[in-house]
Amino acid sequence: MPSFDEAIALLAEAVQPLGRETVTLSDAGGRFLAAPLHARTDAPRHTVSAMDGYAVVKATTEAGHWLDVIGESRAGGPYAGTVASGQAVRIFTGASLPAGADYVIVQEHAVREGQRVQFTPGFGPGDNLRLAGSDFRAGQVLVPAGTRLTPRGMVAAAAADLAHVEVSLTPSVAIIATGDELAAPGSSFDQPNTLPESGSFGVAALAECAGATVVARCTGPDDMGELEALAAQALADADCVVVIGGASVGDHDLAKPMFAAHGLELVFSRLDIRPGRPVWLGRAQGKWVLGLPGNPTSAMVTARLFLRPLLAGLQDGSVDAELVSTAMPLAAAIPEAGARETFIRASAGPDGLVPVGNQESGAQSPLLAADWLIRRAAGAPACEAGELVQALAF
Ligand SMILES: Nc1nc2c(c(=O)[nH]1)N[C@H]1C(S)=C(S)[C@@H](COP(=O)(O)OP(=O)(O)OC[C@H]3O[C@@H](n4cnc5c(N)ncnc54)[C@H](O)[C@@H]3O)O[C@H]1N2
Ligand code: MOO
């Protein structure tokens with residue numbers, strides 16, 4: 001059975017970006033950049049004041065000596081002349097430093113009388129300047145290709161001074177939940193032998209958070225004919241089909257067989273991980289097909305571990321970057337790991353990570369608090385509270 005790392009290497013090797021399109025900057029939030037964004041100018045473009053005050057010549061300006069105020073420089077309206085010794089220019093935050101001046105004294109230290117000004121002792125030592133190019137230089141890559149434009153990234157992207165940007169095409173995802181026992185939330189209570197279908201709601205939300213559009217979501221019964229028809233429709237509709245349930249070895253586990261007639265070729269099937277051993281990935285008719293175990297915790301852990309990297313790879317993002325873990329302290333001891341690589345669901349408290357109480361792969365209620373997955377190699381020794389473990393944001 002392949003390990004988690006081996007499965008990810010197979011995925012990373014096979015996945016290709018879907019393509020690219022040009023969009024206006026205001027439509028680029030949340031999208032992956034298909035090409036790097038180069039700054040068109042230095043920022044700041046000129047040396048500017050960082051504070052409201054007076055621009056002066058530092059070497060000849062002393063506290064208690066009057067200077068002539070010869071003009072004003074404001075953001076968008078620079079002072080055109082030159083400042084000499086004995087002179088000052090009223091200046092505001094973001095305004096260009098006038099020629100001749102090399103220092104700004106904040107207005108809290110200024111005593112102004114008509115067209116002259118003097119300064120109280122104790123100004124400085126900072127020059128209150130933002131030097132031209134001190135933020136970034138013209139031509140510098142502000143946002144590399146493959147970056148997802150987060151809210152903070154949007155500021156950097158806009159600062160590059162580009163109206164349009166090239167982004168990766170948005171992957172479309174179809175989700176099929178399988179099982180005779182599944183009922184739409186709101187309808188299970190009145191139907192005996194059913195339970196609310198929860199998995200597809202979590203997977204759909206995860207796919208959308210990862211930049212995809214969910215174009216179809218349906219539930220199929222344990223009937224081969226109906227499942228084959230749903231598979232055909234999903235392959236026609238979407239770049240990536242996610243099947244939940246029916247991944248195991250029981251008589252009613254039809255998730256792989258329902259794609260066999262559509263030419264399914266497996267990339268991997270069953271992994272040495274816990275939870276999620278029955279997870280599988282394949283290709284059919286040029287589309288991706290990801291099979292998640294039906295147990296809701298297993299479905300969400302495997303969606304996090306495989307669907308997110310897959311969707312990143314389809315959008316010029318990095319598969320590996322989606323799986324970078326952080327060293328985090330444990331707030332509670334954990335026992336020796338079992339024979340499979342394990343992803344322990346945990347919440348973060350002030351002293352570190354605490355495994356959620358119920359680690360059953362069929363559990364649903366603990367998912368709410370499980371913001372982290374502690375990654376434990378097979379057979380890893382027990383850890384005490386305070387020890388560092390590797391964790392992935394879940
Ligand atoms: N003999 C074996 N039995 C099982 C094995 C095995 O290796 N040998 N693997 C176990 C593991 S591990 C897992 S995980 C489960 C998952 O198998 P399936 O993918 O076939 O899942 P189902 O049987 O379809 O469902 C499992 C469980 O989850 C509920 N479920 C399914 N889909 C949903 C949904 N969309 N929303 C909410 N709940 C769902 C379903 O009712 C079942 O209770 O197999 C073990 N068995
Ligand atoms: O591996 Mo399954 O996902 O333990 O329950």
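Every number for a ligand or one of its atoms is a count from 1 in the order of the listing.
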Minimum-distance protein heavy atom relative to [atom]:
atom                    : result
atom 23 (O) of ligand 1 : D253 OD1, 3.9 Å
atom 1 (O) of ligand 2  : G276 N, 2.7 Å
atom 41 (O) of ligand 1 : E181 OE2, 2.5 Å
atom 37 (C) of ligand 1 : S198 OG, 3.3 Å
atom 17 (O) of ligand 1 : S248 CB, 3.2 Å
atom 43 (O) of ligand 1 : N295 OD1, 4.4 Å
atom 7 (O) of ligand 1  : R270 NH2, 2.9 Å
atom 1 (N) of ligand 1  : V249 CG2, 3.7 Å

Does [X] have more than 12 heavy atoms from other residues, nucleotides or ligands lying within 6.0 Å of its [atom1]?
X    : atom1 : value
R283 : CZ    : yes
R308 : CZ    : yes
R116 : CZ    : yes
D5   : CG    : yes
E360 : CD    : no

Hey, is [X] one of the residues with a heavy atom under 4.0 angstrom from ligand 1?
X    : value
P296 : yes
G246 : yes
G362 : no
S298 : yes

With only distance considered, is S298 within less than 3.5 Å of ligand 2 through an N or O on each side?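 Looking only at distances, the answer is yes, because the N/O contact criterion of under 3.5 Å is met.
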At under 4.0 Å between heavy atoms, which part of L182 makes contact with ligand 1: side chain, backbone, both or neither?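 For L182, only side-chain atoms sit under 4.0 Å from ligand 1.
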Looking only at heavy atoms, is any part of P293 under 4.0 Å from ligand 1, and if so is it the side chain, the backbone, or both, or is it neither?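 Near ligand 1, P293 shows its backbone as well as its side chain.
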Check the side chains of [Y] and [X] for a donor-acceptor pair under 3.5 angstrom, ignoring hydrogens and angles.
X    : Y    : value
D52  : T93  : yes
S188 : T194 : yes
S3   : D272 : no
R90  : Q107 : yes

Can the positive tip of R217 be found less than 6.0 Å from the middle of the six-membered ring of F201, inside 45° of the ring normal?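 Yes; both conditions hold, so R217 lies above the ring face of F201.
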Ligand 2-proximal atoms of R340, by part, heavy-atom distance under 4.0 Å: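 The answer is the side chain of R340.
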Are any of the N or O atoms of G294 closer than 3.5 Å to those of ligand 1?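 By distance alone, the answer is yes.
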List ligand 1 atoms under 4.0 Å from [X], heavy atoms only on the residue side.
X    : result
G245 : 19 (O), 21 (O), 24 (O)
P278 : 11 (C), 12 (S), 13 (C), 14 (S)
A177 : 35 (N)
L195 : 37 (C), 38 (N), 41 (O)
E197 : 34 (C), 35 (N), 36 (N)

Going by the side chain to side chain donor-acceptor pair (under 3.5 Å) test, which pairs reach into residues 128-140, not counting sequence neighbours?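 Counting only pairs at least two positions apart or across chains, the side chain to side chain donor-acceptor pair (under 3.5 Å) contacts touching residues 128-140 are D42-R137.
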Taking R148 for the side chain and G153 for the main chain, is one N or O donor matched with an acceptor at less than 3.5 Å?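 Pair absent, no side-chain N/O of R148 close to backbone of G153.
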Using modelled atom types and a 3.5 Å cut-off, is there a donor and acceptor pairing between side-chain atoms of R31 and backbone atoms of V167?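 Answer holds: no.
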So F268 and E6, do their side chains get closer than 4.5 Å, heavy atoms only?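 The answer is no, as the side chains (C-beta and beyond) never meet within the 4.5 Å cut-off.
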Is the shortest heavy-atom distance from the side chain of L290 to the side chain of V279 under 4.5 Å?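 Of all side-chain heavy-atom pairs linking V279 with L290, at least one is under 4.5 Å.
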State the atoms of ligand 2, each with its element, that fall below the 4.0 Å cut-off from a heavy-atom position in P275.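 The atoms of ligand 2 under 4.0 Å from a heavy atom of P275 are 1 (O), 3 (O), 4 (O).
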What atoms of ligand 2 come within less than 4.0 Å of a heavy atom belonging to N295?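 So the atoms of ligand 2 that pass are 5 (O).
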Nearest to atom 5 (O) of ligand 2 by heavy atom, P293, S248, P278, S361: which?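 Considering heavy atoms of P293, S248, P278, S361, the nearest to atom 5 (O) of ligand 2 sits in S361.
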